[in-house]
**Q** 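Quick one: this structure, given as structure tokens, is what I'll be asking you about.
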There are 2 protein chains.
Amino acid sequence: MKQNNDACEIFCINEKIVKEVKSSMLSDEEFFKLSENFKIISDSTRIKILYALSKKELCVCDLATILKMKQSAISHQLRILKDTRLVKFRKEGKIVYYSLIDKHVIKLLDMGVEHAKE
Amino acid sequence: MKQNNDACEIFCINEKIVKEVKSSMLSDEEFFKLSENFKIISDSTRIKILYALSKKELCVCDLATILKMKQSAISHQLRILKDTRLVKFRKEGKIVYYSLIDKHVIKLLDMGVEHAKE
DNA sequence: TGAATATATGAGCAGATATTCATATATATA
DNA sequence: TATATATATGAATATCTGCTCATATATTCA
């Protein structure tokens with residue numbers, strides 16, 4: 001089958017349907033952003049952190065204890081969650097307490113849990 | 001900070017809260033499955049395929065045309081979507097038509113889109 | 001000021017993943 | 001049967017990602 005580097009040049013295409021579906025697609029940028037958002041909750045460590053924080057504000061070492069993981073691993077993931085504005089923090093002395101900003105994400109997680117049950 | 005390989009041994013832990021949150025966590029296996037599910041929709045190619053198929057049943061080369069990607073790339077991703085039971089297919093001669101099994105996943109995608117708009 | 005604690009972060013590594021290329025398989029048709 | 005088409009798939013590669021280790025930073029307290 002001949003194809004160039006940019007697109008496919010195959011001959012079985014149903015042009016009408018392709019055109020129709022193409023016009024209803026979102027932009028590449030929108031799809032990319034969407035995938036980036038889901039990427040955040042596609043790692044079980046991050047899901048655990050978000051889930052734990054949905055119950056209570058927690059410091060880094062509490063999270064490390066709950067997840068049975070090293071402090072630095074937790075810190076690295078918290079940075080990602082902070083950068084994507086899913087969590088916020090407040091400092092109390094040398095202890096840093098993290099909490100959820102975005103409860104929307106918990107809805108998504110819950111939907112995933114429901115889905116898994118089916 | 002001293003830590004062993006299995007867990008953290010730091011001293012700032014709020015035992016009561018840790019115990020409380022710990023008991024409300026899901027199992028590691030559940031978190032893992034959850035992350036696996038979100039992993040499927042954390043790739044923009046797969047999201048595009050699912051989105052396109054939510055509009056209409058499509059063959060592989062139509063998908064390749066719509067996404068402007070090579071046929072083999074689409075086939076590889078379709079296999080993943082097939083293995084995770086998100087899509088099904090029917091053959092009509094040498095053409096293979098794919099369609100959605102799981103409309104639930106589209107709800108998740110839509111929630112993501114809504115979220116992005118906020 | 002010095003020591004201890006709590007967290008953050010850079011470098012490096014190991015494992016995962018998406019795409020491409022080449023090719024195999026399956027079907028239709030001349 | 002031979003050829004062309006449609007799809008599937010294995011291997012190779014490049015990129016990404018999460019964790020660990022070591023260390024830096026910040027804060028508290030003696």
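Remember, it's a predicted structure, so these values are computed and weren't measured experimentally. Residue numbers begin at 1 in each chain, while the letters A, B, ... track the order of the sequences.
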**Q** Using the six-membered ring wherever Trp is involved, compare the ring planes of Tyr98(B) and Phe89(B) and label them parallel, tilted or perpendicular (cut-offs 30° and 60°).
**A** tilted

**Q** Just so I know, are the side chains of Leu67(A) and Thr45(A) near enough to count as touching, which here means a heavy-atom distance under 4.5 Å?
**A** yes

**Q** Among the nucleotides dT27(D), dT9(D), dA8(C), which one has an atom lying closest to any side-chain atom of Val60(A)?
**A** dA8(C)

**Q** Among dA6(D), dA8(D), dA6(C), find the nucleotide with the atom closest to the side chain of Lys94(A).
**A** dA6(C)

**Q** side-chain contact (heavy atoms from CB on, under 4.5 Å) for Leu53(A) and Ser99(A)? Distances and angles first, verdict last.
**A** CA-CA 6 Å; Leu53(A) 292 180; Ser99(A) 58; 5.6 Å; no

**Q** Which comes earlier along DNA chain D counting from the 5' end, the contact point of Lys91(A) or that of Ala73(A), where each point is its nearest nucleotide?
**A** Ala73(A)

**Q** Is Tyr98(B) close enough to dA8(D) that one of its side-chain N or O atoms is under 4.0 Å from OP1 or OP2 there?
**A** yes

**Q** Measuring from the side chain of Ile95(A) (C-beta onward, heavy atoms only), which nucleotide among dA28(C), dA6(C), dT19(C) has the closest atom?
**A** dA6(C)

**Q** Just how far, in rounded Å, is C1' of dC16(D) from CD1 of Ile80(A)?
**A** 11 Å

**Q** Tell me whether the side-chain N/O atoms of Gln77(B) come closer than 4.0 Å to OP1 or OP2 in dT19(C).
**A** yes

**Q** Rounded to whole Å, please give me the gap between CG in Asp83(A) and P in dG18(D).
**A** 13 Å

**Q** Is there a side-chain contact between Arg46(A) and the phosphate of dG18(D), meaning an N or O under 4.0 Å from OP1 or OP2?
**A** yes

**Q** Given atom CZ of Arg79(B) and atom C1' of dT19(C), what is their separation to the nearest angstrom?
**A** 14 Å

**Q** With a cut-off of less than 4.0 Å, is there a side-chain N or O of Lys70(B) near OP1 or OP2 of dC21(C)?
**A** yes

**Q** Can you tell me the base-pairing partner of dA30(C)? Count Watson-Crick or G-U wobble geometry only, both distances below 3.5 Å, and say none if there is no partner.
**A** dT1(D)

**Q** Select one nucleotide: of dT27(C), dT19(C), dT17(D), the one nearest the side-chain heavy atoms of Met69(B).
**A** dT19(C)

**Q** Is it true that Gln71(A) and Ser75(A) share a donor-acceptor pair across their side chains at a distance under 3.5 Å?
**A** yes

**Q** Scan every strand shown for a Watson-Crick or G-U wobble partner of dA30(D), both distances under 3.5 Å, and answer none if you come up empty.
**A** dT1(C)

**Q** Stacking here means centres under 5.5 Å and planes under 30°; does His76(B) stack on dT19(C)?
**A** no

**Q** Verify, without hydrogens or angle tests, whether Arg85(A) (side chain) and Asp102(A) (backbone) share a donor-acceptor contact under 3.5 angstrom.
**A** no

**Q** For Tyr97(A), report the nucleic acid contact type (base, sugar-phosphate, nothing); a contact means any heavy atom under 4.0 Å.
**A** nothing

**Q** Whole-Å distance between dT27(C) P and Glu92(B) CD?
**A** 14 Å

**Q** Expressed in angstrom and rounded to an integer, what is the separation of Leu78(A) atom CG from dG18(D) atom C1'?
**A** 14 Å

**Q** If you assign Val96(B) and Ser42(A) each to the DNA chain D nucleotide with the nearest heavy atom, which residue ends up on the more 5' nucleotide?
**A** Val96(B)

**Q** Can you find a donor-acceptor N/O pair under 3.5 angstrom joining the side chain of Gln71(A) to the base of dA8(C)?
**A** yes

**Q** To the nearest Å, give me how far apart CD1 (Ile49(B)) and C1' (dA18(C)) are.
**A** 11 Å

**Q** Reckon Phe89(A) touches a base, only the sugar-phosphate, or nothing at all at heavy-atom distances under 4.0 Å?
**A** nothing

**Q** Counting N and O atoms only, with roles assigned by atom type, does the side chain of Glu30(B) sit under 3.5 Å from a partner on the main chain of Ser27(B), one being a donor and the other an acceptor?
**A** yes

**Q** I need the CG-P distance between Asp43(A) and dT17(D), as an integer number of Å.
**A** 11 Å

**Q** So for Ser72(A) and dC19(D), does any side-chain atom that can act as donor or acceptor lie under 3.5 Å from a complementary atom in the base?
**A** no

**Q** Can you figure out which of dA18(C), dT9(C), dA8(D) approaches the side chain of Ser75(B) most closely?
**A** dA8(D)

**Q** How long is the line joining CD1 of Ile40(B) and P of dT17(C), in whole Å?
**A** 9 Å

